[in-house]
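Below is one structure; the comments refer to it alone.
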Amino acid sequence: MGDELAGGSSMNRREPRRAMLRGALAIGVGLPLLDLCARAIPEASAQGDPKSQRPQNGDRFVFRTGNQTGKVITVADIPVGGPPVPAFPMDPSGVVRDGSRLNQLLLVRLTLTDLSEETRGRSAEGVVAYSGVCTHTGCDITLWKAESIRFRCPCHESEFDPKDAGRVVGGPAPRRLPRVPVKVVDGVPVAAAGFLGRPGFQPT
Amino acid sequence: MAPAPRAKPTAGATAYTPVTDQRLVNPEPENWLMYRRTYDGWGYSPLEQVTPGNAASLVPVWTFSTGVAEGHQSPPIVNNGIMFVSTPQNQVLALDAKSGELLWRYKRDLPEDLFQLHPTNRGVGLYEDRVYLATLDAHVVALDAKTGKVVWDQTVEDYKKGYYMTLAPLVAKGKVIVGVSGGELGIRGFIQALDAKTGGTAWKTYTVPAPGEPGSDTWKGDTWKTGGVSVWITGSYDPALNITYWGTGNAAQWIGDQRPGDNLYSASVLGLDVDTGKLRGYHQYHWNDSWDWDEVSAPILIDVKRGDRTVKALVHPARNGYLWVLERRADGIGFVDAKPYVNQTAFKSVDPRTGRPEYDETKKPVTGKKVGFCPSLWGGKDWVPAAYSPKTNLLYIPANENLCGSLVGTQQKYEPGKLWLGSEIKDIGLDVRNGAGHIGEIQAWDMNTRTKVWTRTFESHNWGPVLATGGGLVFAGGTNDRYFRAFDAKTGELVWQWRTNSGITAVPSSYSVDGVQYIAVQSGWGVDAQRMQDSLDTARGTKTDVPQGGVIWVFAVKQ
């Protein structure tokens, strides 16, 4: 009985991973398109130093602030419902992409049922990843409105909805907050593609 | 009937009158060659064609969309029929000032990782056949006035450390003089003169002294390294004394008990030798600032009477809510007198001999506790320039009355290039005084008698720079209802208003071409006017939508 349970439990441990892989495949249909989107946006720094390159498919995320700075973020590290965890992407070889402030990310874990269908498709286990730089004039997004689940920019008070594709819900920002689609591998959030949209302010 | 106008390819200017030192010292009445037109900072055009009698017939002659949103603040600067206007995102437009035809356009390719707390620009400087722009990524650029082509591009500081520039350069004696913003990011402020021909550094004077320099004993430990004291409004200049006067910002971060001492030369006026940058005098309006009261507006150079004496004065309606009169001398700056022009609760008194204020310590923000004070952190008047007319002998102050603020100081770790206020954003309070019927004002002061002669009030807050003219008018926008207005300079009576595309926070100017006087201004709401609107809406539970998008408006009396 005990062995069965152990065996069963072993099988069960594998099961979610299979489910995850199926999920990734399902998203994978869309991935080439997402990659095209990311590539369509010229990024001056994308050619040079990997530290300054924008996040890419397969990057993990590390803490950007606090006493765990540099440590890989697991799903369990992200509190459900916020506040967001400030992060930088890290390439598969372990290079943290902290060479550009445009790589600042905010990881939030939300209740699946709160997410819009489109946002859910680019999240995993409720984890969503957004640019930490406002699309209005490029300020760092440092505020979190817990009651309404919104990011808020301290400079000019733009607000964005992490539940719905980073939609602008207040202030002067002209466009949504770019996202990095997320998958989860062994309990660790991983970028499933580059940014959807250009992080930072919009040049005229 | 004249043929319909049509767009032509932009081909630059065919002729251009070089701007000389002599023309800057004594500009022709028809021209507006620098930020406030003249080195004394009056914001006054001697043109007399538009008067209280005919202002009702002012109509738009042409308009031009800048293609940019956010806060448009720069004056249309005009040299013999050619207008230069800068906009947010560091665009410069050169236009035929009579027809509105575009001659050339410069657009700066700003770095994609730039962080713009104040997405604006406050104007260009002119010298010889060049146009000078101070940029958001902390460069100074020299453009060919005829073509807009870059002649040189000089880095002043590293924008990644929080340095940026929004001011119009002051051009004097072959030098392009600029100051840096970034006090809210913990920079160490300075004023720098660049050689107008080459862009090379002529001199650089820090606004926070290093250890061992005079004034360094007003900072403890390493606080001077991140002391702020930014300089983001164009200085004035007295050619007779060869001294240029610059206002300085608050010390960083905002809360004084975290950086004990007077913190020289924050919230001060500095008198610098134009040739060397050497400090020839200063006056600190208030010590150990804890209210975010930047005193960056340069003082206005006016002669005022005190008894039998004519004082060569520096007049400053301050963000701290007091109207200051100082004396400019070859050997320094003297205190004359000061009195509040809006409700001010933080000062108990001002020493009649030195001008040093004594504080009500219960109204001075501290770390760990909420403290309220009046006026708000935006002050009685922020950067928005006042004007002076020698015809009426009145000083016109665009003020905000009945606003108070509060702060809770917190310890925050400094990181280069990051916001470093010493207060959480949520703890920045703005309140309207109970029973207040209005906020915005234009006040007219007789500086000889120290009396307020008239006041116009506006329900809205007021962020409108003032233009005074020889025809006896005062022009200003500044309110959230999008109006641009003209007042009788003697009485304050409203004689004309025009509703524009957006709110006006830009400096108006006046010029003439072929004998016709024009009044020009950009309309384009944003930055602090918008932020104050948002705070007022939060305090009142209202929502006010002031549309954005810049347009240059040029008005003349309908013939």
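Below, chains carry the letters A, B, ... as their sequence lines are ordered, and counting in each starts from 1.
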- Query: So with a 6.0 Å cut-off around NZ of A/K71, is the heavy-atom count from everything else above 12?
  - Reply: yes

- Taking atom CD of A/E117 as the centre, does the number of heavy atoms from other residues, nucleotides or ligands within less than 6.0 Å exceed 12? no

Are any non-hydrogen side-chain atoms of [X] and [Y] less than 4.5 angstrom apart?
{"X": "B/I425", "Y": "A/L143", "result": "yes"}
{"X": "A/C155", "Y": "B/H118", "result": "no"}
{"X": "B/L114", "Y": "A/F201", "result": "yes"}

- Task: Could you check which of B/Q548, B/K418, B/K160, B/K413 has the highest count of heavy-atom pairs closer than 4.5 Å to chain A?
- Result: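 Highest number of pairs under 4.5 Å: B/K418.
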
- Task: Select, from A/P174, A/G200, A/P154, A/C139, the one with the greatest count of heavy-atom pairs under 4.5 Å involving chain B.
- Result: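 With the most close heavy-atom pairs to chain B, the winner is A/C139.
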
- Max heavy-atom pair count under 4.5 Å with chain B, selected residue of A/H136, A/R152, A/H156, A/E157: A/H156

- Message: With rounding to the nearest 0.5 angstrom, report the CG to CG distance, B/D113 to A/N103.
- Response: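 The CG atom of B/D113 sits 10.0 Å away from the CG atom of A/N103.
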
- Task: Enter the distance from A/T142:OG1 to B/L419:CG here, rounded to the nearest 0.5 Å.
- Result: 7.0 Å

- Please determine if B/E112 and A/R54 form a salt bridge, counting it only when a charged side-chain N lies under 4.0 Å from a carboxylate O. yes

- Given a strict heavy-atom distance threshold of 4.5 Å, which part of B/E424 is in contact with chain A: side chain, backbone, both, or neither?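 For B/E424, no heavy atom lies under 4.5 Å from chain A.
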
